[in-house]
Every structure is written in C-alpha cells, then in structure tokens.
Novice: 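Can you read through this structure? Questions will come right after.
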Amino acid sequence: MNEKREINEIFLKPYNANEHEDSVYKIWEKSNIFSPEKCIEKGYTDKDAPKFSMVLPPPNVTGVLHMGSAFMLVTEDTLIRFNRMKGKKTLWIPGMDHAAIATQSRVEKELLKKEKKRKEDLGREAFIERVQSFAEDNRVRMREQIKKIGSSVDWDREAFTLDEPRAKAVRYAFAQMYKDGLIYRGEKVVNWDPKGQTTLSDDEIEYQEGKAKLYTFRYSKDFPIPVATTRPETKVGDTAVAVNPNDKRYKKYIGQTFEINFVGIPLSIKVVSDREIDPEFGTGAVGVTPAHSKVDEQIAKRNKLPSIKVINEYAKMDIDDEELRGKKTLQAREIIVERLKKAGLMEKEEEVEQNLSVSYRSGGTIEPLPKEQWFIDVNKKFKIPHSNIDGIENGELVSLKELILHAVKNKQINIVPERFEKVYFNWIEKLEDWCISRQIWYGHRIPVWYKDKAVYCDTVPPKEEGWEQDPDTLDTWFSSALWTFSTLGWPDNLKINKDGTLEKTGDLLHYHPTDVLETGYDILFFWVARMILMSTYHLGEIPFKTVYMHGMVRDGEGRKLSKSLGNNIDPLDVAEKYGTDAVRMALLVGTAPGNDTKVSEQKLKAYKHFSNKIWNVTRFVLENTSTDSVDEIFIKEKEQKHLDEWKKIAKEITTDLEKYRIHLASEKLYNYFWHRLADILIEESKSTLLNGDEDDKKSVATLLNIILKENLIMLHPFMPFITEAIWQITYVENKKPLAVERWPIK
RNA sequence: GCGGGAUUAGCUCAGUUGGUAGAGCAGUGCUUUUACACAGCAAAGGUCGUAGGUUCAAGUCCUACAUCCCGCACCA
C-alpha cells in the first residue's frame with residue numbers, strides 16, 4: 001500500500017492546453033460520439049433513451065468567429081454535453097448562415113477596393129459566384145474555429161442556409177404561404193436603404209439619437225394653416241394637411257382643397273381631418289406626404305388622398321424643378337428652406353431631439369419610399385390544417401400573430417429568463433406585416449415567375465418558355481426561420497395524409513421539436529419569433545420547448561467588443577494563451593441567463609490557474625494513493641461524511657444544470673474542487689496517507705479517487721479538454737471517452 | 001411615451017422556493033512543508049441605492065423615490 005503508483009510523466013509539468021486540445025477533439029471525432037446514432041451503435045447510449053436536440057444558431061459566413069459566438073458555443077456545448085452524459089440521445093446540428101445583405105456587402109466592398117469594380121460590372125451570375133467562394137472559404141475556417149472551442153456538434157449533419165436542401169425548404173415554405181394567401185405582393189411605403197439599395201424589414205432599422213431642426217412654415221401666403229416639419233424637402237410631395245376633427249381653429253377648412261404654389265412647385269393640398277393628429281403639438285396641423293412617410297401613408301389611405309413620389313431610390317429629388325431635380329435630400333432641404341425664407345413663409349425654426357433611422361447593416365439613412373414588395377401577412381386568418389399546439393384545434397381559424405403569441409402565452413415555449421417573455425409580447429403587439437423581399441443578388445431568389453400579367457408561384461419554375469423570375473431575393477431571416485426543421489429534412493420528412501393530418505418521418509420525427517434554442521437576446525425578434533411563426537404554421541408544432549437567452553460579451557469596462565473600438569477579443573487568441581477550458585469557464589461562471597458578461601484578462605487567468613489545479617490534484621491523487629478503487633465499501637465514517645457532502649453538492653449542481661443555471665453549477669464545481677477537495681480533503685489526507693493504518697489509508701485513498709473521478713466527470717461539460725485529457729491518461733476503459741461517461745447523479 | 005433591467009466588499013459580478021451575505025481580481029500578513037508559487041495558510045473588508053410596508057424572519061416579496069443602462073415607439 002505504501003508504494004506509489006507509476007504516474008505518467010506528463011503530470012510532472014504544468015498543464016499545457018495547447019499540447020492536448022487538438023488531439024482530444026480528434027478522439028471525440030474518431031469515436032463518433034457527436035452522432036446519436038453512432039452512440040447507440042457503440043452502446044454508449046440506450047436505444048430507447050429520451051432525445052435531446054438543439055440546432056446551432058448559424059453564425060454568419062461573413063468571417064471569423066467572435067467572442068459572442070464563442071460564448072454561444074460554450075453555453076450550448078455545456079448543455080449538450082451534460083445531456084449526452086445523462087444518457088440521452090443527443091443531437092446538436094451545426095450550420096452557418098449566408099447572411100445575405102451582410103455577406104454581399106462585404107464582397108462588394110472588397111471588389112471595389114481590390115479591383116475597383118462594382119457588382120454590376122461582373123453581372124449577377126459572376127458576382128454571386130464571387131460571394132459563394134468567399135462564403136465557402138469562410139466556412140472552412142469557421143468550422144475549425146467551432147471545433148477549437150470544443151463544440152460537440154454532429155458534423156455529418158452540417159447545414160447551410162443557402163444549400164440545396166435548405167433552398168428546397170425555402171421554396172416550399174414560400175409557395176405554401178403564397179397559396180394560403182399569407183404571402184402577398186403589394187405597393188406600400190417601405191424602409192428603403194439608399195446605401196445598400198434594398199428594402200429592409202422594420203426590425204432591421206436602428207435609431208440614432210440626434211438633433212434636428214423643426215421648421216414651421218406656410219406653403220404659401222394664401223394658405224391658412226401653418227405646418228411644421230423636420231424634412232422640408234419632402235413637402236413638395238404633400239397632398240394634404242391633416243388636422244384634428246375637433247380643432248376649432250381649422251374646422252372650417254376641412255374638406256377644402258387649395259391650389260397653391262409652394263416655393264415654385266404647384267401643389268394641390270386638401271385639408272382633411274384625422275383623429276391621430278394631436279392639436280397640442282406644433283401647429284396642430286400635419287403636412288401629409290403619402291409617399292415618404294408611413295404615418296402619412298395611413299392618413300392618406302384613410303382619406304383617399306393621392307400620393308406623389310418625389311424622392312428616388314438614390315435619395316435624390318425626383319421632381320419637375322430644375323434646381324431641385326437630382327439633388328440629394330439634404331441639399332434639397334437647404335434649397336427649400338432658403339426659398340421659404342426668401343418668400344417670407346418661414347415662421348419658426350427650433351432645434352428638436354429626433355431619432356435618425358438607419359440600416360443595421362449598411363448604416364445608411366433610411367428613406368421611406370413607396371415600392372412594390374413581398375410581405376407576410378401576420379393578421380390574415382387562415383385554417384390551420386394540423387395543430388399540435390396546445391389550445392389550437394385542427395382546422396381552427398387563426399392568424400400568424402395569434403399563433404406566435406399563443407405558443408408562448410400558453411407556456412408551450414418557455415423563455416429563460418422569463419422577463420424576455422414580456423419583451424416578446426410587446427413586440428407582437430406592435431407587429432406589422434413582414435417585408436421579405438430584398439433587392440440584393442445573394443440569397444434565395446423569390447420563387448415567383450411572371451409572363452405578361454400572369455403570375456406563377458411554385459417550388460419549381462414553370463415548364464413553358466417566356467417566364468421571367470422575380471429578380472428579388474428573400475430576407476435572410478426567412479431561411480433562418482425554417483432552421484429547426486429545414487435542418488431535419490423538411491419538407492421531405494413530412495407527409496401530408498389524405499385527411500389533412502401530418503406525419504413526420506426520419507430526423508424530423510426523432511428530433512423535432514428541439515429541446516432548447518439558445519441564442520442572444522439581440523435576435524429575439526429577428527429569429528426566435530420568426531422560427532415560432534414558421535414552425536407553428538408549417539408543422540403545426542412549436543420549434544423548441546425552451547428558449548435560453550444569453551447576453552452580450554463586453555470588455556472589462558463594459559463596452560461592446562468591436563474592431564473600431566480596438567477592444568475586440570479574438571476567442572482563438574485567448575484560447576491559445578489560457579487554454580480553451582479557461583475561456584469557457586471565464587464566460588460561464590457567474591453569468592446569469594440573459595445578462596451581459598464581461599471578459600477580462602484577470603478572469604481568464606484565474607481559470608487558467610484552475611486548469612492547472614485540476615492537473616495537480618490529479619497528480620497528487622495518482623502519486624499518493626496506491627489504489628484506484630472507487631468501491632465505497634472501504635469508506636470509513638469520517639470519509640463517509642465528506643462523501644455525503646460531495647453527493648449533496650453534486651445533486652445541487654445537477655439540478656442547477658437541469659434548470660439552466662449554468663452560472664451556478666460551474667461556480668459550485670469550481671469552489672468545491674478548489675476549496676474543498678484541494679484545500680481540505682487533500683490537505684487532511686496527507687498525514688493519513690503517510691502515517692495512518694492500512695484501513696484508514698484505504699478509506700482516504702478510495703474517497704479521493706471517488707471524488708476526483710466524479711469531479712472530472714461533472715467538470716467535463718464545462719471544461720471538456722482537460723478533463724478528457726486526464727481521463728485518457730488515467731481512467732479510460734475500452735477506449736470509451738469521458739464525453740460519453742455516465743453522469744454520476746440521476 | 002411604453003416596457004424591461006440594474007443599484008451587494010476597492011473593481012467585476014453571483015446569490016435558486018424569504019432562514020444570521022459569496023467568488024474572482026486587487027490589497028494585508030505569514031509560509032518556499034515534494035500535488036500545485038499558475039501555490040498554500042491567516043486575517044481584513046459589505047447598515048445589500050433611499051424611504052416605507054408585509055413577515056417570527058427580507059439582499060430576496062410589495063409600494064414610492066433616486067440614479068444608471070437597454071429595448072420598443074415617436075409628433076408632423
């Protein structure tokens with residue numbers, strides 16, 4: 001008993017993550033433990049075990065993985081590994097997003113910079129090829145990055161939002177919704193991005209706080225009502241002035257039309273009444289520009305007013321006035337203001353706080369323009385043929401808005417932390433039709449063809465000659481919205497029976513709905529809500545049971561990480577420096593769901609030290625115990641107390657993980673390992689192991705072995721590399737990796 | 001304007017169903033004793049934003065206020 005076990009030489013020096021990480025990942029890949037089917041084949045997972053499935057929120061193929069992606073991967077990998085070790089049939093599907101606008105504009109920029117060419121110089125086909133090869137290069141690199149973080153995704157099922165199976169799903173989804181009248185084409189005032197030359201959905205607009213001038217003026221000397229505006233240049237497109245129906249000042253003018261000359265431009269202005277007008281604000285009268293304001297468009301619609309488009313797609317004036325024609329809106333504004341002043345029509349100028357609408361991608365100032373676009377109607381009622389959604393019957397008349405509201409309200413989908421449910425409901429209340437068409441080249445082409453006045457929509461092009469396909473592509477979020485089921489073989493894996501019921505087969509049957517959707521709170525609307533929309537509509541079922549929201553990664557001072565701030569942290573750099581496990585722990589410990597996390601050098605260093613601690617504890621146990629017995633029969637009373645304490649904590653940690661309290665589980669493990677196992681159990685064991693009698697020695701040795709082994713197992717989801725590396729050297733049996741070892745607590 | 005969050009040790013943050021406050025880093029003292037100096041040990045540090053309330057008991061629940069942050073809307 002006094003003899004020490006031979007220990008592997010490798011333990012004689014400090015833990016060096018770089019020596020182990022790549023080979024450990026290869027062990028996992030080789031043993032196919034990321035595939036649930038292979039795990040069953042090898043006997044690692046019971047055939048009848050319950051499943052646990054997740055999709056990876058596909059990172060944009062625009063480039064390299066950032067700290068935010070690392071945070072996401074780490075959180076998800078921890079959940080996946082935990083469930084896999086619990087014995088579940090565990091599937092995590094990887095993939096990437098073509099990120100239409102973002103990717104296209106990256107390539108456009110590069111093309112301009114390197115070759116001084118515009119996409120039009122190449123032509124649609126050649127340009128798309130460019131983008132595709134850019135995306136493919138990035139995918140190769142990003143795959144390696146995803147691996148480096150330790151992600152245990154099933155690579156055989158890797159998907160891309162723009163590959164052929166997903167393209168089929170997109171066409172199928174579009175055609176189905178078109179047939180149900182939920183997708184329509186219509187002319188409306190939309191968010192036009194003159195910089196990116198495309199429309200955007202309401203959610204793709206960001207607001208920049210700023211100051212603006214509010215001008216109060218009269219259209220002409222003989223016009224009785226003054227109006228105020230921050231955009232004088234749009235006033236050349238006015239067709240009405242709206243006042244509150246109860247406003248005594250203006251009541252007598254309601255219904256009258258004034259033919260006037262507005263600083264050189266003839267206008268026909270009708271005075272209309274509208275309840276939305278606040279008589280207290282400004283002059284109590286609004287100049288209505290139906291073509292260039294969504295609010296005005298509504299007023300115009302209610303009052304049957306004509307609409308005059310005066311600004312074009314390049315944010316330049318399109319009007320019959322020599323000085324103004326072709327001028328940018330801001331220049332035109334100055335000209336109009338100048339003319340108003342000269343004519344003595346300007347009554348007041350004041351500075352006001354006003355938010356500027358900009359594109360979240362290009363940063364371009366949004367210009368509301370009337371355009372013919374494709375929309376998803378969120379309010380139209382349709383008969384849902386088949387429903388697995390609690391409280392929604394087969395054949396019930398519902399709208400998409402009702403479906404997405406219901407799924408969460410009814411608690412079929414839980415959002416963690418719960419406060420985001422309120423944010424979600426808030427968004428739904430204000431939800432309007434989703435503009436899904438984009439005027440860019442890279443993306444899913446809209447599956448609609450035109451010939452003369454005929455329109456054809458289907459999953460395949462019309463057979464006859466002469467049909468012209470719609471040039472627009474779809475909002476990238478349209479294809480992402482199908483992600484939970486397009487990655488599981490939809491539509492092929494969904495049979496529609498004669499009686500209208502749906503029957504799932506294959507992966508779709510086995511893994512949908514997925515269990516958890518883990519993603520950042522910044523894409524709750526963009527993505528989470530749209531997935532719920534698509535899944536409830538197309539499958540009549542929820543896409544996932546739980547939504548786990550994580551926050552943003554910030555620097556030590558709480559600033560967003562960004563290249564322009566120069567505080568960007570490359571996850572691979574720090575992984576190289578501190579070890580991936582340390583990076584994982586630094587991100588996980590103490591970061592409650594939905595909260596932002598700050599990464600600092602200090603925190604990373606602390607968990608690098610922890611890795612070394614694990615390494616050295618293992619070395620001590622191996623060196624100082626002559627048995628690797630984990631048979632509790634040898635445990636005596638004193639050690640039993642320690643064991644009981646550990647079991648209690650292990651149980652707590654398990655519950656924490658089941659309830660998505662990853663931040664607590666990881667902290668408890670850390671604390672137990674360092675401040676109980678290392679600081680107390682090992683310190684106390686020293687004298688016994690040196691001088692104690694044989695039974696005591698055996699009791700202590702067994703205790704240390706049990707606790708170390710179980711700690712390694714339970715640390716694995718958080719710190720997979722070092723734990724697997726140690727396992728491979730010490731405990732491995734029949735080449736069974738730690739990653740599929742069974743969790744010690746039921 | 002509507003909604004949400006935060007306010008706990010010098011700094012960054014945890015704190016699960018209410019039961020006499022925890023971690024990392026920084027800082028103090030001691031210790032180079034062969035698992036680990038990428039260390040250990042010991043001590044120090046908080047009236048949990050303010051004011052009320054519920055309760056045997058409140059960092060935790062309720063109300064009001066203050067300060068900060070975020071999301072959404074937006075008025076011409």
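Atom set for the values below is all heavy atoms of this structure, side chains included, hydrogens, waters and symmetry mates excluded. We name chains A, B, ... by the order of the sequence lines, and we start the count at 1 in each one.
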Novice: For a quick check of understanding: with a heavy-atom distance under 4.0 Å over all strands, which category does A/T283 fall into, base, sugar-phosphate or nothing?
Specialist: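 No contact at all - A/T283 keeps every heavy atom at 4.0 Å or more from the nucleic acid.
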
Novice: Would A/H20 and A/W615 count as a close aromatic pair, with their ring centres under 6.0 Å?
Specialist: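 Close enough - the centres of the two rings lie under 6.0 Å apart.
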
Novice: For B/A66 versus B/G52, give the span between their C1' atoms, rounded off to a whole number of Å.
Specialist: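 Going atom to atom, C1' in each nucleotide, I get 15 Å.
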
Novice: Can you check the distance between B/C13 and B/C70, where both ends of the measurement are the P atom (answer in whole Å)?
Specialist: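 So the two P atoms sit 14 Å from each other.
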
Novice: If you measure from the Lys or Arg side-chain nitrogens to the Asp or Glu carboxylate oxygens, is any gap between A/K411 and A/E421 under 4.0 Å?
Specialist: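 Salt bridge flag = yes for A/E421 with A/K411.
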
Novice: When you compare the side chain of A/V74 with that of A/T580, does any pair of heavy atoms fall below 4.5 Å?
Specialist: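 No. Closest side-chain heavy atoms not under 4.5 Å.
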
Novice: What does A/H675 touch in the nucleic acid at a heavy-atom separation under 4.0 angstrom: a base, only the sugar-phosphate, or nothing?
Specialist: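 If one applies the 4.0 Å heavy-atom cut-off, A/H675 turns out to touch the sugar-phosphate alone, with no base involved.
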
Novice: Students often get this wrong, so: under 4.0 angstrom with heavy atoms, is A/V227 touching a base, only sugar-phosphate, or nothing?
Specialist: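 Answer is nothing: A/V227 stays at 4.0 Å or more from every strand.
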
Novice: Does a side chain donor of either A/D274 or A/N244 reach within less than 3.5 Å of an acceptor in the other side chain?
Specialist: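 Absent: no donor and acceptor within the cut-off.
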
Novice: With a 4.0 Å cut-off on heavy atoms, is A/V352 in touch with a base, just the backbone sugar-phosphate, or nothing at all?
Specialist: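 The answer is nothing, as A/V352 stays clear of every strand by at least 4.0 Å.
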
Novice: State whether A/E639 and A/K698 are salt-bridged, where the test is any N-O pair (Lys NZ or Arg NE/NH1/NH2 against Asp/Glu carboxylate O) under 4.0 Å.
Specialist: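 Judged by the 4.0 Å cut-off on N to carboxylate O distance, A/E639 and A/K698 do not form a salt bridge.
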
Novice: If the P atom of B/U32 is compared with that of B/U60, how far apart are they to the nearest Å?
Specialist: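 Looking at atom P only, B/U32 and B/U60 are 47 Å apart.
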
Novice: State which of B/G24, B/C75, B/G40 makes the closest approach to the side chain of A/F281.
Specialist: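 Within the option list, the nearest is B/C75.
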
Novice: Distances under 3.5 Å only, N/O to N/O: pair up the protein atoms with those of nucleotides 2-5 of chain B.
Specialist:
{"unit_1": "B/G3", "atom_1": "O2'", "unit_2": "A/N426", "atom_2": "ND2", "d": "2.9"}
{"unit_1": "B/G4", "atom_1": "OP1", "unit_2": "A/K422", "atom_2": "NZ", "d": "3.4"}

Novice: Students often get this wrong, so: under 4.0 angstrom with heavy atoms, is A/D522 touching a base, only sugar-phosphate, or nothing?
Specialist: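 Answer is nothing: A/D522 stays at 4.0 Å or more from every strand.
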
Novice: Consider the side chain of A/K598, meaning its heavy atoms from C-beta on, and name the nucleotide among B/C75, B/C13, B/A35 that approaches it most closely.
Specialist: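 That would be B/C13.
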
Novice: Take atom C1' in B/G27 and the same atom in B/U12, then report the distance between them in whole Å.
Specialist: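 Rounded to whole Å, the distance is 16 Å.
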
Novice: Have a look at A/L524 and say if it touches a base, only the backbone sugar-phosphate, or nothing, with a 4.0 Å heavy-atom cut-off.
Specialist: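 Here A/L524 touches no strand at all.
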
Novice: Distance check, C1' atoms only: B/A23 and B/A9, in whole angstrom units.
Specialist: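 About 11 Å, rounded to a whole number of Å.
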
Novice: Taking B/C62 as the reference, what is the distance to B/A6 when you measure between their P atoms (whole Å, please)?
Specialist: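 12 Å, rounded to whole Å.
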
Novice: From C-beta outward on A/I682, which listed nucleotide comes closest to its side chain: B/A76, B/A35, B/A39?
Specialist: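 For A/I682, the side-chain atoms sit closest to B/A35.
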
Novice: Could you tell me whether the side chains of A/T289 and A/D238 share a donor-acceptor contact shorter than 3.5 Å?
Specialist: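 Judged by distance alone, the side chains do pair up.
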
Novice: Rounded to whole angstroms, how far apart are CD on A/E206 and C1' on B/A73?
Specialist: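 Result: 15 Å.
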
Novice: Could a donor-acceptor pair under 3.5 angstrom be found where the side chain of A/E683 meets the base of B/A35?
Specialist: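 Pair found.
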
Novice: May I ask you to check whether A/W477 and A/D203 show a side-chain donor-acceptor distance below 3.5 Å?
Specialist: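 On atom types as modelled, these side chains do not qualify, holding no pair under 3.5 Å.
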
Novice: A/E623 side chain: which of B/A35, B/A76, B/U16 is closest?
Specialist: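 For A/E623, the side-chain atoms sit closest to B/A35.
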
Novice: How close or far is atom P of B/A76 from atom CG of A/D296, stated in whole angstroms?
Specialist: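 In whole Å, B/A76 P and A/D296 CG are 11 Å from each other.
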
Novice: Could you check whether A/T654 and A/W743, counting side-chain N and O atoms only, form a donor-acceptor pair closer than 3.5 Å?
Specialist: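 Checked: A/W743/A/T654 side chains pair up, N/O donor to acceptor below 3.5 Å.
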
Novice: Between A/Q354 and A/T230, do the side chains contain an N or O donor and an N or O acceptor separated by less than 3.5 Å?
Specialist: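 Checked: A/Q354/A/T230 side chains pair up, N/O donor to acceptor below 3.5 Å.
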
Novice: Over all strands shown, is A/K659 touching base, sugar-phosphate only, or nothing at heavy-atom distances under 4.0 angstrom?
Specialist: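 Contact class for A/K659: none.
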
Novice: Looking across every strand, which nucleic acid part, if any, lies under 4.0 Å from A/A678 by heavy atom: base, sugar-phosphate, or nothing?
Specialist: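 Counting heavy atoms under 4.0 Å across all strands, the contact made by A/A678 includes a base.
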
Novice: Is the shortest side-chain N to carboxylate O distance from A/R676 to A/E645 below 4.0 Å?
Specialist: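 Counted as a salt bridge, because a side-chain N and a carboxylate O are separated by less than 4.0 Å.
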
Novice: Between A/R361 and A/E204, is the closest basic N to carboxylate O distance under 4.0 Å?
Specialist: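 Salt bridge absent between A/E204 and A/R361.
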
Novice: Taking atom P of B/C13 as reference, at what distance in whole Å does atom CG of A/L587 sit?
Specialist: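 It is 14 Å, rounded to the nearest whole Å.
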
Novice: With rounding to whole Å, what would you report as the distance between B/G40 and B/C25 at their P atoms?
Specialist: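 Straight-line distance between the two P atoms is 9 Å.
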
Novice: When the C1' atoms of B/A26 and B/G45 are compared, how many Å lie between them, rounded to an integer?
Specialist: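 It works out to 12 Å between them.
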
Novice: Of all the choices, B/U12, B/G15, B/A73, which nucleotide is nearest to the side chain of A/H663 once you look at every atom?
Specialist: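 That would be B/G15.
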
Novice: In whole angstroms, how far is the P atom of B/A23 from the CZ atom of A/R676?
Specialist: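 Distance check: A/R676 CZ to B/A23 P gives 12 Å.
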
Novice: Distance check: side-chain N/O of A/H609 vs OP1/OP2 of B/A39, anything under 4.0 Å?
Specialist: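 Yes, within the criterion.
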
Novice: Nearest-Å distance, NZ (A/K603) to C1' (B/U12)?
Specialist: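 Answer to the nearest Å: 8 Å.
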
Novice: With heavy atoms under 4.0 Å as the rule, sort A/Y670 into base, sugar-phosphate or nothing.
Specialist: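 Result for A/Y670 = sugar-phosphate.
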
Novice: Which comes earlier along RNA chain B counting from the 5' end, the contact point of A/V617 or that of A/I680, where each point is its nearest nucleotide?
Specialist: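 The residue mapped nearer the 5' terminus is A/V617.
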
Novice: Separation of A/Y207 atom OH from B/C75 atom C1', in whole Å?
Specialist: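 It is 14 Å, rounded to the nearest whole Å.
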
Novice: Using a strict threshold of under 4.0 Å (side-chain N to carboxylate O), is an ion pair present between A/E367 and A/R231?
Specialist: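 Yes.
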
Novice: Check every strand shown and say whether A/K13 touches a base, only sugar-phosphate, or nothing at a heavy-atom separation below 4.0 Å.
Specialist: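 Since no nucleic acid heavy atom lies under 4.0 Å of A/K13, the category is nothing.
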
Novice: For A/N191 and B/A73, give me the distance from atom CG to atom C1', rounded to whole Å.
Specialist: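 Checked: the CG to C1' distance equals 14 Å.
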
Novice: Testing A/F525, A/F526, A/Y521 one by one against A/W427 for a ring-ring contact (aromatic ring centres under 6.0 Å, His included), which residue passes?
Specialist: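 Among the candidates, only A/F525 passes.
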
Novice: Where the side chain of A/D278 is defined as all heavy atoms beyond and including C-beta, which of B/A35, B/C75, B/A14 is the nearest nucleotide?
Specialist: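 Of the options given, the side chain of A/D278 lies nearest B/C75.
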
Novice: Counting a pair only when it is Watson-Crick or G-U and both distances are under 3.5 Å, which runs of at least 3 such pairs involve RNA chain B?
Specialist: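 RNA chain B forms these stems: B:1-7 with B:66-72, B:10-13 with B:22-25, B:28-31 with B:39-42, B:49-53 with B:61-65.
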
Novice: Which whole-number value in Å describes the distance from A/Y578 OH to B/C25 P?
Specialist: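 For the pair A/Y578 OH and B/C25 P, the rounded distance is 13 Å.
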
